Amino acid sequence: MISCIHFIRHGITQGILNKWYYGWEDLPLVAEGLRDIEELKSMSVYPSSDGTEFYTSGMLRANQTLNAIYGEVPYKTIPDLKEMNFGQWECKTFDQLQQLPGFDTWMNDRSGTFSFPGGESASSFYARAKKGLDQLMGYHRLLELSHRHNGLDSVSTVVCHGGVIAASMCTLFGFAAETFWDWIPAPARGYTVYFEDGQAVKYDNL
């Protein structure tokens, strides 16, 4: 019996096109994002929806991505899987952030304790994302239990955000925090993580 979770990042938004730092700003997908998803669908990038339990962060762009890929399917929301909250720094480019008080402190922060004004710190984001991941894993284990005696695969699909997916990969596989940025997938892409006895054992790129 296969046990896996598909982690899919939402599609392209105006924030991505503008290279903004944003997380809690509830931006929709843009037309380019929808076209990109349709192209990926035509390439059979996305796994089948058969027997899958669906989840999103509840953000508009995540919900729209799920709908664009799989149509009107039932899903649960896990709000702790929202992207990092940049507070008053939301929807600003790196060049704009350089002009703000606190920028140098952020750049030199190695402890993850710097909090964006009105937002959260890297460490608090990690803790929240882990809480959301734990909730997702709890749902997935219940699915495994329900399928234990019927031989069906246990498959969950979550549509959320690049930072959340990177944090989840680091947590599940014990990757160093310094590799965080390496695990952020491209828009509308992601990873399939396989589990044995509740432990992540391997992954594939989506």
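Note that the coordinates shown come from a computational prediction; the quantities given were computed from them, not determined experimentally. Below, all heavy atoms of this structure are taken into account, side chains as well, without hydrogens, waters or symmetry copies.
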Can Ile16 and His10 be said to form a side-chain contact (heavy atoms from CB on, under 4.5 Å), step by step?
CA-CA 11 Å; Ile16 290 174; His10 63 81; 3.8 Å; yes
List the steps, then state whether side-chain contact (heavy atoms from CB on, under 4.5 Å) holds for Val158 with Phe54.
CA-CA 6 Å; Val158 58; Phe54 291 102; over 6 Å; no
Tell me whether the rings of Tyr21 and Phe86 are parallel (<30°), tilted (30 to 60°) or perpendicular (>60°).
perpendicular
Under 30°, 30 to 60°, or over 60°: which ring-plane class applies to Phe114 and Trp89, parallel, tilted or perpendicular?
tilted
Using the rule that Ile, Leu, Val, Met, Phe, Trp and Tyr join whenever any side-chain heavy atoms are under 4.5 Å apart, tell me whether [X] and [Y] fall into a single cluster.
X      : Y      : result
Val45  : Leu29  : yes
Leu172 : Leu206 : no
Ile184 : Leu17  : no
Ile8   : Leu136 : no

Determine whether a donor-acceptor pair (N or O, by modelled atom type, separation under 3.5 Å) exists between the side chain of [X] and the backbone of [Y].
X      : Y      : answer
Trp20  : Glu90  : no
Asn85  : Gly87  : yes
Asp109 : Thr113 : yes
Thr65  : Gly11  : yes
Asp153 : Met1   : no

Is it true that atom [atom1] of [X] has more than 12 heavy atoms of other residues, nucleotides or ligands lying nearer than 6.0 Å?
X      : atom1 : answer
Asn108 : CG    : yes
Lys41  : NZ    : yes
Lys92  : NZ    : yes

For [X] against [Y], the heavy-atom pair lying closest together:
X      : Y      : result
Leu143 : Ser156 : CD2-OG, 3.9 Å
Gln99  : Asp95  : NE2-O, 3.5 Å
Phe195 : His140 : CD1-NE2, 4.4 Å
Thr179 : Phe175 : OG1-CB, 3.6 Å
Ala200 : Val193 : CB-CG1, 3.7 Å
Met59  : Glu25  : CE-O, 4.0 Å

Indicate whether any N or O donor in one side chain lies under 3.5 Å from an N or O acceptor in the other, for [X] and [Y].
X      : Y      : result
Asp204 : Thr192 : no
Asn67  : Glu72  : yes
Thr52  : Ser49  : no
Glu144 : Ser3   : yes
Ser57  : His161 : yes

Between His6 and Tyr46, is the gap from one ring center to the other below 6.0 Å?
no
Tyr203-Tyr191 aromatic ring centre distance below 6.0 Å
yes
Side chain to side chain donor-acceptor pair (under 3.5 Å) evaluation trace for Thr171 with Ser168:
CA-CA 5 Å; Thr171 298; Ser168 296; over 6 Å; no
Under 4.5 Å between any side-chain heavy atoms of Arg189 and Arg9, yes or no?
no
Check: Ile5 and Thr157 side chains under 4.5 Å, non-hydrogen atoms
no
Would Ser121 and Phe116 count as a side-chain contact (heavy atoms from CB on, under 4.5 Å) here? Give the steps.
CA-CA 6 Å; Ser121 66; Phe116 297 102; over 6 Å; no
